[in-house]
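For reference, the structure discussed in these notes is given below.
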Amino acid sequence: MPLLMFDVLEGRSEAETKTMLDAAHRAVLTAFKVPARDRYQIVHENKAYQMVIQDTGLGIERTEKVVVLRVFTSPRSPEQKALFLTELCRELHEHCGILPSDVMVSFINNDRSDWSFGNGVAQYLTGEL
């Protein structure tokens, strides 16, 4: 049930965006072992002046392919998070030409009771999921 919210610079084609989302979903499947249809992804396109993504003094160079990803999820182990980061960067580089230096990720943890998948119902609380 991770919800992935991508911020990117405007200008990617529909095909490039779909490839990026597919690559990220494969990383989710590998790292978090969720069902294949457990897929929630949103892309926000931004003008260049709307994104300032520096490097916290690490010397990381960014390009126009920069991706900032927020992962809303129930708590995951440090090992799962590390595997996700590795797989995400590998998938994005291999399939999209996005360098690992252009990938910034933040995990936002929440509880299963914080989710409703529709119909005004918290399905984890009702036992539907």
Side-chain angles (χ1 to χ4, degrees):
M1 92 194 127
L3 168 60
L4 277 59
M5 297 185 74
F6 298 78
D7 274 283
V8 299
L9 294 175
E10 63 185 0
R12 283 182 167 87
S13 70
E14 183 177 338
E16 289 170 318
T17 299
K18 181 181 181 330
T19 300
M20 179 182 69
L21 295 178
D22 290 346
H25 188 60
R26 286 190 297 273
V28 166
L29 293 174
T30 298
F32 301 148
K33 306 294 188 219
V34 299
R37 286 187 48 87
D38 196 353
R39 185 172 179 171
Y40 304 93
Q41 301 170 313
I42 300 170
V43 176
H44 297 106
E45 289 190 319
N46 303 278
K47 296 183 183 314
Y49 70 85
Q50 294 174 313
M51 289 181 65
V52 177
I53 311 301
Q54 294 182 338
D55 66 357
T56 315
L58 297 171
I60 298 171
E61 296 292 326
R62 311 281 189 201
T63 74
E64 73 285 346
K65 289 189 174 186
V66 67
V67 175
V68 177
L69 177 60
R70 291 179 307 272
V71 181
F72 294 83
T73 184
S74 58
R76 304 288 177 176
S77 72
E79 295 80 15
Q80 287 176 308
K81 290 177 184 178
L83 178 58
F84 174 75
L85 295 171
T86 299
E87 286 297 306
L88 177 67
C89 285
R90 184 188 63 73
E91 285 278 353
L92 291 177
H93 187 248
E94 184 177 317
H95 297 282
C96 306
I98 298 171
L99 297 171
S101 57
D102 274 328
V103 180
M104 180 180 167
V105 179
S106 178
F107 291 94
I108 301 159
N109 293 320
N110 52 46
D111 186 270
R112 289 179 176 255
S113 65
D114 295 324
W115 291 87
S116 170
F117 295 91
N119 298 321
V121 176
Q123 288 85 357
Y124 285 117
L125 294 178
T126 64
E128 292 174 71
L129 288 175

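Computation of the quantities below employed the complete heavy-atom set of this structure, encompassing side-chain atoms and omitting hydrogens, waters and symmetry-equivalent molecules.
Tracing side-chain contacts under 4.5 Å through hydrophobic residues (I, L, V, M, F, W, Y), one never reaches Leu9 starting from Ile98; they form parts of separate clusters. Phe117 and Val121 are not part of a single hydrophobic cluster, where members link through side-chain heavy atoms under 4.5 Å apart. Two different hydrophobic clusters hold Val103 and Val68 under the rule that ILVMFWY side chains link at heavy-atom gaps under 4.5 Å. Cluster annotation: Val28 is connected to Phe6 through the hydrophobic network of ILVMFWY side chains, with a link wherever side-chain heavy atoms come within less than 4.5 Å.
In Glu61, the CD atom is not crowded: 12 or fewer heavy atoms of neighbouring residues, nucleotides or ligands sit closer than 6.0 Å. For Glu14, the CD atom sits in a loose shell: 12 or fewer heavy atoms of surrounding residues, nucleotides or ligands are nearer than 6.0 Å. More than 12 non-hydrogen atoms from other residues, nucleotides or ligands lie less than 6.0 angstrom from CG of Asp111.
Taking the six-membered ring where tryptophan is involved, the planes of Phe107 and Phe84 are perpendicular, since the angle between them exceeds 60° and thus also 30°.
With hydrogens and angles ignored, the 3.5 Å screen pairs a side-chain donor or acceptor of Arg62 with a backbone N or O of Gln54. Judged purely by atom type and a 3.5 angstrom limit, Thr63 uses its side chain to pair as donor or acceptor with the backbone of Lys65.
Taking 4.5 Å as the limit, some side-chain heavy atom of Met20 sits within range of a side-chain heavy atom of Val43. Side-chain atoms of Met5 and His44, non-hydrogen and from C-beta on, do get closer than 4.5 Å to each other. Between Ile108 and Thr73 there is no side-chain heavy-atom pair separated by less than 4.5 Å.
Nearest heavy atoms, Gln41 versus Ala24: NE2-CB, 4.0 Å. The shortest non-hydrogen separation linking Pro75 to Asn109 is CA-OD1, 3.8 Å.
A side-chain contact (heavy atoms from CB on, under 4.5 Å) with Val8 is found for exactly one of Val67, Asn46, Val66, namely Val67. For the pairing with Arg39, the side-chain contact (heavy atoms from CB on, under 4.5 Å) check across Leu29, Leu21, Val34 returns one residue only, Leu21. Here the rule is salt bridge (charged side-chain N to carboxylate O under 4.0 Å, His left out) with Asp7, and of Arg12, Arg70, Lys47 only Arg70 fits it.
To the nearest 0.5 Å, atom CG of residue Asp38 and atom CZ of residue Phe32 are 11.0 Å apart. For the atom pair His93 NE2 and Asp102 CG, the distance stands at 10.0 Å (nearest 0.5 Å). Atom NE2 of His95 is separated from atom CZ of Arg26 by 4.0 Å, given to the nearest 0.5 angstrom. Distance check: Ile60 CD1 to Leu99 CG gives 12.0 Å after rounding to the nearest 0.5 Å. The CD atom of Glu10 lies 13.0 Å from the CD atom of Glu64; values are rounded to the nearest 0.5 Å. The line from OG1 of Thr30 to NE2 of His25 is 9.5 Å long, rounded to the nearest 0.5 Å.
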Check: Would Tyr124 and Met1 satisfy side chain to side chain contact (heavy atoms under 4.5 Å, CB included), going step by step from the backbone distance to the final call?
Finding: CA-CA 11 Å; Tyr124 285 117; Met1 92 194 127; 3.5 Å; yes
Next item on the list: Applying side chain to side chain contact (heavy atoms under 4.5 Å, CB included), run through Glu87 and Cys89 and close with a yes or a no.
Entry: CA-CA 6 Å; Glu87 286 297 306; Cys89 285; over 6 Å; no
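Residues Lys18 and Asp22 are paired through a salt bridge, judged by an N-O separation under 4.0 Å between the basic side chain and the carboxylate.
Here Phe72 and Tyr40 keep their ring centres 6.0 angstrom or further from each other.
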